[in-house]
Amino acid sequence: MANNSGRFNGKVVVVTGGAMGMGQATAAAFAREGAMVAIVDVADAAAEAVVAEITNLGGSATYIRADVGTGAGAATAIEATVKAYGGLDVLFNNVGIQPAESYCNAENTPEAVWDRIMDVNVKSHFLMAKYGIPHMRARGGGVIINNASVQGLQSMPGVPPYAASKGACLSLTRQLAVEYAHERIRVLAICPGTIDTPLVRIALGRDPDTYAANLENAARAHPLGRIGQPEEIAHVVLFLASDGASFMTGEYVCVDGGMMAKGAWA
Ligand code: BMA
């Protein structure tokens, strides 16, 4: 494949939510560097398009349809990956949702919205780890990277389940890291700021009249003066999954244009 550095030659990588946004960019980046990539999602057309994009360039990718917020879905995703590629080295727990109907205070948050966000954003991370770790052990180690958010570190009005899910991702990252370090399984998290993805377009475009203003505000909240691109997340995930990060585990990395560095008074 073009630009193959070989950094991930022979490695098997699973990306949940791999059809779009950060998942798509990261799946493509892993494939460009030699990995065999299982793209797990429920958005068939978008996922097939990512697979076609990768395979047309000579890379290896396959689409696995599974709802990883359920035990059966996560088990299927891992089994199908191992069947396709013979093992598992890297798990990017990327999938996340922040649906328009979730923007409200706790009193008005329907229980079903809370449950769905928790299932997709955090339970899926647990379930994919649960079913994936035995296969990493069989290879003598592996890397799990959880996609959290700056919203797991600081907060704002209107996001109770989303914020709670992202805080939980960070705690789970630390816990798994401590538990499995002795088996050479490293566990890390990233905290993206606002990234140009379908999730963020939904978030900023809840009211189409204010979309442009919201986008400008979002850009201003980042000291670098703009929102991020999915490829800028992919670069960091690949580094964390690589041997270059061999002494990192249990840590999160903000990829947020300086947002978390900025004081409220600044
Ligand atoms: C993300 C999403 C985005 C938001 C960003 C920064 O996780 O919630 O909608 O812009 O955090 O707050």
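One-based numbering, in listed order, for ligands and for the atoms of each. Numbering starts at 1 and runs along the sequence shown. Note that these values count all heavy atoms, side chains included, but never hydrogens, waters or copies made by symmetry.
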* Asked: Quick one: nearest non-hydrogen protein atom to atom 5 (C) of ligand 1, plus distance?
  -> Thr194 OG1, 3.7 Å
* Among all protein heavy atoms, pick out the one at the shortest distance from atom 12 (O) of ligand 1; state its residue, atom name and that distance to 0.1 Å. => Gln151 NE2, 3.4 Å
* To do: For the residue pair Asn146 and Thr173, confirm or rule out a side-chain donor-acceptor distance under 3.5 Å.
  => yes
* Can Tyr131 and Glu79 be counted as having a side-chain donor-acceptor contact under 3.5 angstrom? -> no
Relative to the heavy atoms of [X], which atoms of ligand 1 are at a distance of less than 4.0 Å?
X: Val200; value: 3 (C), 9 (O)
X: Ser149; value: 1 (C), 7 (O), 11 (O)
X: Gln98; value: 2 (C), 3 (C), 8 (O), 9 (O)
X: Ala203; value: 9 (O)

* Check each heavy atom of Val150 against ligand 1 and say whether those closer than 4.0 Å belong to the side chain, the backbone, both or neither. => side chain
* Asked: So, are Asp243 and Arg7 salt-bridged, with charged N and O less than 4.0 Å apart?
  -> no
* Nearest atoms (heavy-atom pairs only) where Gly18 meets Ile39 -> C-CG2, 3.5 Å
* Could you state the interatomic distance from CZ (Arg186) to CD (Glu251), rounded to the nearest 0.5 Å? -> 12.0 Å
* Asked: Taking Asn105 for the side chain and Asn108 for the main chain, is one N or O donor matched with an acceptor at less than 3.5 Å?
  -> yes
